[in-house]
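Data block below; observations after.
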Amino acid sequence: HAFHAWQVINRPMSGPPAFHMYDTLSYLGDARALQAGEPMSPAFQDRPLLPCLIAFFSTFHLPVWTVLFVPILLQGFLVYAIGFIAFFMSGRTATAGLAALLTAIYPNFYYSIPQLGTDAMGTQFMMLAIATGLKWRNDSRKTWGFLSGFLWLCAQATRPTFMPIAALMPFLLWPLWRDKSRRKSLVLFMAFLTLFPLGLSVKNEILYGIPSANLTRPEMLSRCLVAKINTMKRHFEHPAPLSKYWEEERDRLAVQDADWAALDLYNPGKRDRGEFSQTYVRLVNRMNEHVQQDSRWLWRGAHIPYYSLFLSRPPSFSPIPTDTPPAFWQSWGLRLDKLFLLFALMGIPVLLRHVPSIGLLWGGLLFLLLAPLVVFMWLLPATRLPVDALAVPVAALAFSNPRSWILLATWGLIGILPCKLNLLPLPWCEVVWLAAITASFFWTGATCISTGLRASKQSKPERLPCEF
């Protein structure tokens with residue numbers, strides 16, 4: 001990973017450096033604000049770890065990309081941590097080795113680590129926190145609990161996506177509550193998880209009059225959701241590629257909207273508390289009213305692209321060409337490095353069978369990280385790195401289970417045979433295929449939860465009558 005990052009950084013190319021991404025300039029601005037003793041930008045104060053690291057390395061007059069050695073170093077620990085998680089889930093060394101191998105060669109890590117962003121570091125801290133939490137669950141030493149809490153704090157300070165995860169920790173740590181000697185450590189651990197969001201909420205209430213840990217809601221509404229809805233509306237009037245209209249709509253809202261510009265979210269410095277609060281509330285209310293005017297557009301904007309890509313019939317506003325039959329990976333909304341997400345779906349029922357509480361935790365984590373992608377992005381082609389990392393251990397669990405391959409072959413026959421026998425047209429074959437996947441997933445999941453919970457009360461939980 002270090003060699004690949006070095007090649008990418010030193011590759012001659014025009015335009016911004018290869019390690020820059022969409023938010024990089026904001027992180028650099030916050031780092032300069034820290035060095036000048038100014039407050040961070042309100043829009044990015046909920047992710048201070050990367051700007052702090054940039055400011056730290058800058059004090060030694062090192063290049064900005066030097067900070068990328070932090071995720072490169074963490075990646076070595078992550079490979080081992082995901083292998084440990086897979087071993088915890090399965091109890092098999094082969095599954096652990098397969099999960100570690102998938103993590104080491106996974107393409108999305110090679111794409112994300114050379115960029116000056118928070119996806120890689122936030123994902124690494126999250127998975128390391130889960131691994132140390134699982135170790136603490138089976139180990140009486142408090143050190144693992146303190147380390148897990150610290151890593152969760154680092155994950156939250158790296159990327160705000162991980163703030164709501166504290167609500168899911170009871171699924172991970174409920175066995176600890178039975179041990180009275182661990183309850184004090186558990187309370188301290190939960191304090192780690194709530195320290196950063198509560199601290200930001202208090203700070204934002206004092207400075208800006210907004211008691212919230214995250215002040216980027218106007219940006220998400222104005223630059224993502226409302227822009228997407230307006231884009232779809234305008235496209236039906238003037239058909240054109242999606243990217244053109246979406247970029248125009250985002251730029252127009254960012255430049256011409258008086259309230260949005262008045263917040264000045266990207267420039268560090270103090271603001272008038274009353275004016276900022278009134279402008280913020282006015283903009284949020286106006287954006288919410290815009291979305292609520294016609295909920296049909298919200299539903300179409302969030303889900304029609306997703307389902308259309310899965311049905312091999314991209315909508316007219318899709319960037320995928322519609323004049324010729326789309327290629328396999330394009331038509332299914334999948335890239336080669338996302339293929340094992342299907343195996344993750346098959347691995348979750350296996351996990352629910354062996355460790356129901358961890359299966360529920362994993363389902364909750366995937367939901368929290370996938371739900372925003374459904375609304376703001378193309379789902380599977382744009383799946384973020386945290387989702388991919390969570391999918392690796394359960395995919396390895398499915399890879400090492402022969403029944404997963406039988407189930408995958410069954411899904412394939414259900415989707416292919418009706419078309420080959422001319423029983424159904426192509427789109428309806430894929431509808432049946434998706435229905436089979438969904439039905440089998442929910443059925444096996446419900447069966448495994450019930451059998452897993454019943455087996456937890458028995459003396460030999462390793463032999464479970466779970467129908468896969």
Side-chain angles (χ1 to χ4, degrees), residues 1-32 44 47 49-83 97-128 131 151 154-155 158-159 161 243 319 327 329-330 334-341 373 377-378 380-393 395-396:
H1 280 271
F3 181 71
H4 176 257
W6 179 262
Q7 283 188 316
V8 171
I9 291 170
N10 289 277
R11 184 182 305 160
M13 59 186 304
S14 59
F19 53 83
H20 274 223
M21 57 168 294
Y22 184 77
D23 294 332
T24 297
L25 293 179
S26 299
Y27 300 137
L28 294 175
D30 282 339
R32 287 191 291 267
F44 285 86
R47 55 194 83 182
L49 186 57
L50 183 58
C52 289
L53 289 174
I54 294 173
F56 173 77
F57 284 103
S58 298
T59 57
F60 298 98
H61 306 287
L62 295 172
V64 173
W65 53 261
T66 310
V67 74
L68 297 176
F69 284 105
V70 175
I72 289 172
L73 178 64
L74 290 175
Q75 188 67 15
F77 294 98
L78 180 72
V79 171
Y80 184 85
I82 290 185
L98 179 60
L101 177 63
L102 288 173
T103 307
I105 66 174
Y106 187 63
N108 211 2
F109 277 111
Y110 285 94
Y111 173 77
S112 299
I113 284 180
Q115 292 184 334
L116 202 61
T118 58
D119 254 17
M121 276 199 299
T123 303
Q124 292 164 339
F125 282 126
M126 177 187 70
M127 300 305 295
L128 289 171
L151 290 169
C154 291
T158 305
R159 193 166 186 85
T161 311
S243 58
W329 300 113
Q330 289 179 329
L334 285 171
R335 295 201 311 256
L336 182 60
D337 58 327
K338 306 293 184 182
L339 179 62
F340 73 92
L341 289 176
L373 300 180
M377 300 180 184
W378 305 100
L380 286 178
T383 302
R384 303 299 289 266
L385 189 56
V387 179
D388 299 346
L390 284 172
V392 168

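Position 1 is the first residue of the sequence, and the numbers go up from there. Everything numeric here is computed off the predicted structure, so don't read it as measured data.
Annotation: ring pair (Phe, Tyr, Trp, His ring centres under 6.0 Å) contacts of Tyr27 (sequence neighbours excluded): Phe44. Applying the side-chain contact (heavy atoms from CB on, under 4.5 Å) test to Ala131 and every residue at least two apart in sequence or in another chain returns Ala81, Phe84, Ile85. Leu151 is linked by a side-chain contact (heavy atoms from CB on, under 4.5 Å) to Phe125, Leu128, Ala129, Thr132, Leu147, counting only residues two or more places apart in sequence or in another chain. Every residue two or more places apart in sequence or in another chain that forms a ring pair (Phe, Tyr, Trp, His ring centres under 6.0 Å) with His1 is listed here: Tyr110.
We find the CG-OG1 distance between Leu53 and Thr158 to be 8.0 Å, quoted to the nearest 0.5 Å. Atoms CG and OG1, on Leu98 and Thr103 in that order, are 9.0 Å from each other to the nearest 0.5 Å. In this structure, the separation between CZ on Arg47 and SG on Cys52 is 13.5 Å, given to the nearest 0.5 Å. To the nearest 0.5 Å, atoms CE (Met121) and CG (Leu50) are separated by 4.5 Å.
Between Ile113 and Ala120, the closest heavy-atom pair is CG1-CB, 4.0 Å. Closest heavy-atom contact between Ala389 and Ile82: O-CD1, 4.1 Å. Nearest heavy atom pair, residue Asn108 against residue Tyr106, reads CB-CE2, 3.0 Å. The shortest heavy-atom contact between Pro114 and Ala5 is CG-CA, 4.0 Å.
Proximity of His20 to Leu28: side-chain heavy atoms (C-beta onward) are separated by under 4.5 Å at one or more points. The shortest distance between side-chain heavy atoms of Phe19 and Val8 does not fall below 4.5 Å. Side-chain contact between Leu116 and Ile54 is present, with heavy atoms from C-beta onward closer than 4.5 Å.
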Result block: side-chain N/O donor-acceptor pairs under 3.5 angstrom for residues 59-76, not counting sequence neighbours:
unit_1	atom_1	unit_2	atom_2	d
Thr59	OG1	Phe56	O	2.4
Thr66	OG1	Pro63	O	2.7
Gln75	OE1	Gln124	NE2	2.9

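Sequence neighbours left out, the pairs with a member in residues 113-128 that pass salt bridge (charged side-chain N to carboxylate O under 4.0 Å, His left out) are Asp119-Arg159, Asp119-Arg384.
Among Leu101, Leu102, Leu78, the single residue meeting the side chain to side chain contact (heavy atoms under 4.5 Å, CB included) criterion with Val392 is Leu102.
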